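The structure appears below as structure tokens.
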Amino acid sequence: MTVRVRFAPSPTGHPHIGNIRTVVFNWLFARHQHGQFILRIEDTDRTRYVEDAIRVITDGLRWLGMDWDEGPEVSGDYGPYVQSARTAIYREKAEELVAMGKAYRCDCTPERLEQVREVQRARGETPMYDGYCRNRPIGEVAPDKPHVIRLKVPRDGVTVMHDILRGDITFENRLIDDQVLLKSDGYPTYHLAVVVDDHMMGITHVMRGDDWISSEPKRLLLYAAFGWEPPIYAHVPLVLGMDGKKLGKRHGAVSIDEFRRQGYLPEAVFNFLALLGWSPGAGEEQEIFTREELIARFDITRINLAPAVFSYDKLNWMNGAYIRALSREELLERLIPFWADAGMIPPDVPVELLPTLKLLVPLVQERLKTLRDVVELTDFIFTDIATPPVEKLIGNQMTAEQSLEAIRRVQALLAEAPHFEATALEMPLRQLAAELGLKAGQLFSIVRNVVTGKEVSPPLFGSIEALGREKTLKRLERAEEALVGYITSQQGK
RNA sequence: GCCCUCAUCGUCUAGCCAGGUCUAGGACACAGGCCUUUCAAGCCUGGUACAUGGGUUCGAAUCCCGUUGAGGGCACCA
């Protein structure tokens, strides 16, 4: 039997990273089993439909490197793969159930239903349909008047769901509602559409969030009504935020495109997600896995059952590890859009700028947690900086006069340096520090502040080289002026 | 309220199914140290966990039951 799994999102917004984790499991399972991964759009709720959502979903999947064998944009033998294009099928199936006496028409108003539920809640009962239309004679609810079709759920007995991760889960039928299958607008509910589609599309395994467990007996009863074999179930735990609540917007980035914009590498996100609630086990201590390794090792039965908290700390570490493993050429290529987005370089990089960028890459590579960090780390190269306040120009345990002397000597040295390169600059500057009776750190800290405007920066000599002689000297000159001004004002007192 | 699920360091987890090799292993984070022009990266060291009560057993993180806690569900939403 060929494994066929699906991801069936509804286009109601940006896909949530917790859901995407479940997609990763589905995709890895399909690829491991040499099966098929199907993308199906569940757009039966036209009130929540969001225009661009399908494209956002497909872009997100592609960004993470997850391809689909059937679905929008690739077609397949079981289409259409968008539920709004399949409404005739659902209507037909719902009518079949009515004809078989396994479902019935209901024209109760929303107001009456709410009233019924109100009373039930007041009595502490589980709110559910009271079965008013279930017992009316067939034909009393006119087929051509607005109505819904409900499933006639058995009033006794139990429904058992077998889950390959959790074993058998038993539900009492008397607690299961007479579920609406077809809404009054002619669209199917999720329950009908998913059962019909999973059956007709030959889905073999349904892997999804465990928030679906409670409602699965409704669908199992539907399978039974149709006389169809249900798929194999695997309910995976939810992803939570640091506060233990279901992951949501207030926890930070939650949609794929946010992670992309924040400078996370898709391969890092994929790796991280695969390990969120799953592990290869067997004493394995490796954490960084290639896509191929994950496919080869993925074992659905090793999915953890406890909900997992999404740790940005660990993702940041992993993203940094992936960044460090990139070749310089590749990192440069990935960095360019982030520099461009920040307005530091034009999106079409002029050739004369390339040498500078190439110089910067090794300087920042092991300092980046995300690609976007490069902006903050290198902005002093692309934008003019304000001359730092005087106290930053005076070295540790040094006088203003000593610092001024140091700056002047550095100026002279850099103005005359035959090779304006990091490696050629380091020794002379160290010698200068010794000549001035300073520790290297004392001198470099002044220069760092002058040149980068920061206490903390990428390696100093590389930064100086990348900035270039002209700009470096200019900043030194301005610092010199500032110090002179300060010393004069002090003397005046 | 009713129903369902889950429970190992702060977090992700290994170990649990086939009880002893677990004075519970790894990773992230944290603390200290080394390296070092800052910050990183790297290396070394450290602290922190089997929710709780009862069984079963010579022996339980591992099996069973209760309790507690957490999460989810109870729509003409998916």
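What you see is a predicted model, and the numbers here were worked out from it, not measured in a lab. Sequence lines set the chain letters: A, B, ... in the order given, protein chains first and strands last, and positions in each chain run from 1.
Shown are K152(A), R134(A), R105(A), R150(A); of these, the salt bridge (Lys or Arg N to Asp or Glu O under 4.0 Å) with D178(A) is made only by R134(A).
Not one side-chain nitrogen or oxygen of R367(A) sits closer than 4.0 Å to the OP1 or OP2 atom of rU38(B). Neither OP1 nor OP2 of rC28(B) sits under 4.0 Å from any side-chain N or O of S311(A). Contact between the side-chain N/O atoms of R174(A) and the OP1/OP2 oxygens of rC2(B) is not found at any separation under 4.0 Å.
Here R123(A) lies out of heavy-atom contact (under 4.0 Å) with every strand. Using a 4.0 Å heavy-atom distance criterion, Y187(A) is classed as making no nucleic acid contact. At a threshold of 4.0 angstrom between heavy atoms, the contacts of G320(A) with the nucleic acid are absent. Within the 4.0 angstrom heavy-atom criterion, only backbone atoms of the sugar-phosphate kind lie near R302(A); the bases stay farther away. At a threshold of 4.0 angstrom between heavy atoms, the contacts of N316(A) with the nucleic acid are absent.
If you find the closest nucleotide of RNA chain B to D168(A) and to R448(A), the one lying nearer the 5' end belongs to D168(A). Heavy-atom distances to RNA chain B give each of E426(A) and I169(A) a nearest nucleotide, and the one nearer the 5′ end belongs to I169(A).
For rG59(B), there is no paired base (Watson-Crick or G-U wobble, both distances below 3.5 Å).
Taking the side chain of S279(A) as heavy atoms from C-beta on, and the options rA27(B), rC28(B), rA14(B), the nearest nucleotide is rA14(B).
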**Fill in**
Letter by letter from the 5' end, nucleotides 66-78 of chain B scores (B base, S sugar-phosphate only, - none; protein heavy atoms under 4.0 Å) -----SBSBSBBB
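When side chains are defined from C-beta on, L61(A) counts as touching F7(A), because their heavy atoms get closer than 4.5 Å.
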